[in-house]
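Report on the following structure.
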Number of protein chains: 2
Amino acid sequence: MNKKKVSMKDIAQKAGVSTALVSYVLNGKEKESRVGPDIAAKVRQIASELSYQPNYLAKSLRSGKTQTIGLIIADISNPFFANIARIVEDEAKKHGYTVIIGSSDEDADKSWDLINVLLNRQVDGFIIVSSESSEDQIEYLNSKNVSFVLLDRHFPQIPTDFVVLDNRKASFEAGTHLIESGYRNIGMIAYRSQLFHMRERIQGYLDSLQANRVTFRPEWLTEVEFNRIESEIRAGIDAMLASDNTVDALIFATYRLAISGLKYINELGLKVPDDLAIVSFGQAEAFDLYYCPITYLQQPMEDLGKAAVELLVSKLKDPQAEPRQIRMEARLIARNSSKIKAAVS
Amino acid sequence: MNKKKVSMKDIAQKAGVSTALVSYVLNGKEKESRVGPDIAAKVRQIASELSYQPNYLAKSLRSGKTQTIGLIIADISNPFFANIARIVEDEAKKHGYTVIIGSSDEDADKSWDLINVLLNRQVDGFIIVSSESSEDQIEYLNSKNVSFVLLDRHFPQIPTDFVVLDNRKASFEAGTHLIESGYRNIGMIAYRSQLFHMRERIQGYLDSLQANRVTFRPEWLTEVEFNRIESEIRAGIDAMLASDNTVDALIFATYRLAISGLKYINELGLKVPDDLAIVSFGQAEAFDLYYCPITYLQQPMEDLGKAAVELLVSKLKDPQAEPRQIRMEARLIARNSSKIKAAVS
């Protein structure tokens with residue numbers, strides 16, 4: 001913006017009145033201050049001629065409320081977060097809030113940066129999908145009494161409002177479903193991460209093996225680095241197939257892992273589900289269009305997004321209320337990729 | 001935020017000095033103002049004890065620069081825009097800017113709202129993927145001398161900086177490729193929209209028929225409403241197939257239209273490409289995983305996003321410079337969905 005902004009002072013000079021008087025008029029307080037109606041009209045007209053723009057920033061500094069929510073997501077290029085952002089926006093709008101979004105790209109430093117930028121822009125509160133190692137940011141927000149709700153991921157040791165999936169249970173269901181469909185040697189591909197939701201997904205998978213008396217083999221579990229998905233998935237699948245206890249089914253802990261894994265499975269010429277049954281977290285168009293529709297754990301995205309907005313709105317009304325914590329359930333959508341295993345002839 | 005913010009005045013009272021002195025110290029100007037080092041240290045310690053947070057908002061009001069860019073995209077749940085947002089962020093970071101994102105959801109009112117919210121938060125400039133009927137917003141920004149760059153979509157009648165695809169050329173290539181592969185009766189599914197890029201995609205398709213002396217049939221072109229994609233695509237494909245000149249190939253003007261169309265084509269039991277060849281705009285994992293990999297027009301997303309940031313950064317340095325306008329080319333990635341047509345036996 002290279003043109004100098006028109007100030008109340010400019011209007012005052014042109015109208016030949018005081019800046020205070022201009023302020024009274026433009027803030028709709030002329031009656032209280034006994035400004036004559038013709039003077040008020042003159043001030044308004046000059047303001048209009050000069051294209052005066054009230055400085056909402058300064059205004060919100062005074063009122064302390066901006067009716068905006070900061071939404072920090074872990075990765076905007078991930079369709080799950082992009083879709084949830086859309087739901088949060090729609091829901092926030094119903095409550096009269098505008099949403100400003102930042103993407104941390106799974107990077108704690110970037111997340112700090114966004115929290116500061118948005119705090120300095122006086123958002124009323126935050127909805128945050130946390131990146132790894134960002135506990136200190138959450139504790140900072142707590143210590144500053146900033147209102148926020150964690151979405152999709154939370155830190156169990158920090159008391160906060162949150163809305164998440166019951167990931168352990170969902171993963172347990174995926175494993176149990178495969179075992180009930182006749183598969184025994186079940187592998188899992190997940191992220192190497194300390195994030196609680198990822199640990200829970202792995203734990204639920206291990207639980208399902210144990211509950212069904214299947215002995216877990218270390219080579220069945222591959223944890224890949226976020227930045228080396230492709231090569232590590234290849235190595236992981238190779239190891240699972242080379243195992244003495246070669247896998248006949250595979251659970252992917254996220255949609256992105258599944259897409260990358262399915263591409264490699266195609267390359268290898270393996271047929272789903274005859275050579276390898278598949279269950280994945282998340283929903284995606286690619287799962288529908290795959291030659292063998294993929295069984296997936298459907299996350300209640302609509303409900304997750306709506307609940308996060310509702311928790312935040314009620315938190316903004318009553319910041320001292322006890323943290324509210326909501327766990328939702330995934331729904332297993334069984335399709336051909338995990339159909340009952342054909343008997344070995 | 002429910003705790004009263006600590007002000008410089010609070011610090012001044014506790015330290016027994018003037019607010020001006022606190023301001024000098026906290027703004028690093030104690031030397032110029034000859035504040036003694038022990039007083040400065042005392043002020044800093046009290047500020048730290050009280051968890052004083054400098055008000056960057058007020059600061060940026062003074063300096064007029066915030067090192068933030070507002071990115072307004074047309075629909076965050078569309079992977080094309082979500083991916084481009086990620087690229088814009090990465091590139092902006094290299095230039096020292098933080099990106100705040102808003103999604104207009106193809107709604108001009110919401111776009112107005114976001115522009116106001118972000119203007120009031122003093123972003124230095126905008127990158128905008130315009131929604132339909134938002135010309136007045138672009139003219140408003142021009143009239144206010146706000147720095148901005150249009151991305152992916154532009155209004156040819158308004159002089160602005162922009163970075164877009166040469167959509168007419170891309171669509172022409174898609175049609176020509178199909179004709180060269182032996183298809184003659186080529187349909188197109190696009191949006192019913194006055195947005196220039198969409199008109200250009202349709203025009204390029206029509207050009208390709210004309211250049212190859214194929215007579216266009218009105219039932220070959222379906223323009224669907226943004227909010228009724230599914231039902232109108234079904235009706236459109238039904239009409240194309242019922243035509244005396246039944247289509248043997250189909251161009252989708254966007255990725256989302258293609259996904260919806262392919263689902264219906266699967267339902268109908270049509271085989272790609274034998275019953276119907278396919279070319280689509282945009283790239284997507286679903287195109288790779290489809291049983292017959294889909295031919296698509298690859299948009300140079302990386303280059304589009306980078307160029308938009310570069311144009312904006314140079315605009316911010318020299319706001320009076322003439323608008324710069326960049327058109328990039330799509331690359332047709334030919335795959336099995338448009339392979340040479342088998343001779344009719």
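Heavy atoms only: backbone and side chains are in, while hydrogens, waters and symmetry mates are out. We name chains A, B, ... by the order of the sequence lines, and we start the count at 1 in each one.
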(request) Heavy-atom distances under 4.5 Å only: say whether A:S103 touches chain B with side chain, backbone, both or neither. (result) both
(message) For chain B, which candidate among A:G70, A:C292, A:S77 shows the most heavy-atom pairs at distances under 4.5 Å?
(response) A:S77
(message) Is the shortest side-chain heavy-atom distance between B:I265 and B:I278 below 4.5 Å?
(response) yes
(request) Would you mind checking which part of A:V117 comes under 4.5 Å of any heavy atom in chain B, side chain (CB onward), backbone (N, CA, C, O), both or neither? (result) side chain
(request) Give a yes or no on this: more than 12 heavy atoms of other residues, nucleotides or ligands lie within 6.0 Å of atom NZ of B:K94. (result) yes
(message) Please classify the contact of A:L71 with chain B as side chain, backbone, both or neither, using a heavy-atom distance under 4.5 Å.
(response) neither
(request) Look at B:K110, B:K93, B:E89 and state which one has the largest set of heavy-atom pairs under 4.5 Å with chain A. (result) B:E89
(request) Determine, step by step, whether B:D318 and B:S314 satisfy the side-chain contact (heavy atoms from CB on, under 4.5 Å) criterion, reporting the C-alpha distance in whole Å, the side-chain angles of both residues, the deciding distance to 0.1 Å, and the verdict. (result) CA-CA 6 Å; B:D318 180 11; B:S314 81; over 6 Å; no
(request) Fit a plane to each ring of A:Y140 and A:W112, take the angle between them on a 0 to 90° scale, and name the class: parallel (under 30°), tilted (30 to 60°) or perpendicular (over 60°). (result) perpendicular
(request) For the residue pair A:N266 and A:Y290, confirm or rule out a side-chain donor-acceptor distance under 3.5 Å. (result) yes
(message) Aromatic contact between B:Y255 and B:F287, with the criterion being ring centroids under 6.0 Å apart: yes or no?
(response) yes
(request) Go through the atoms of A:F80 and report whether side chain, backbone, both or neither lie under 4.5 Å from a heavy atom of chain B. (result) neither
(request) Tell me, out of A:T68, A:D113, A:D90, who's got the most heavy-atom pairs with chain B below 4.5 Å. (result) A:T68
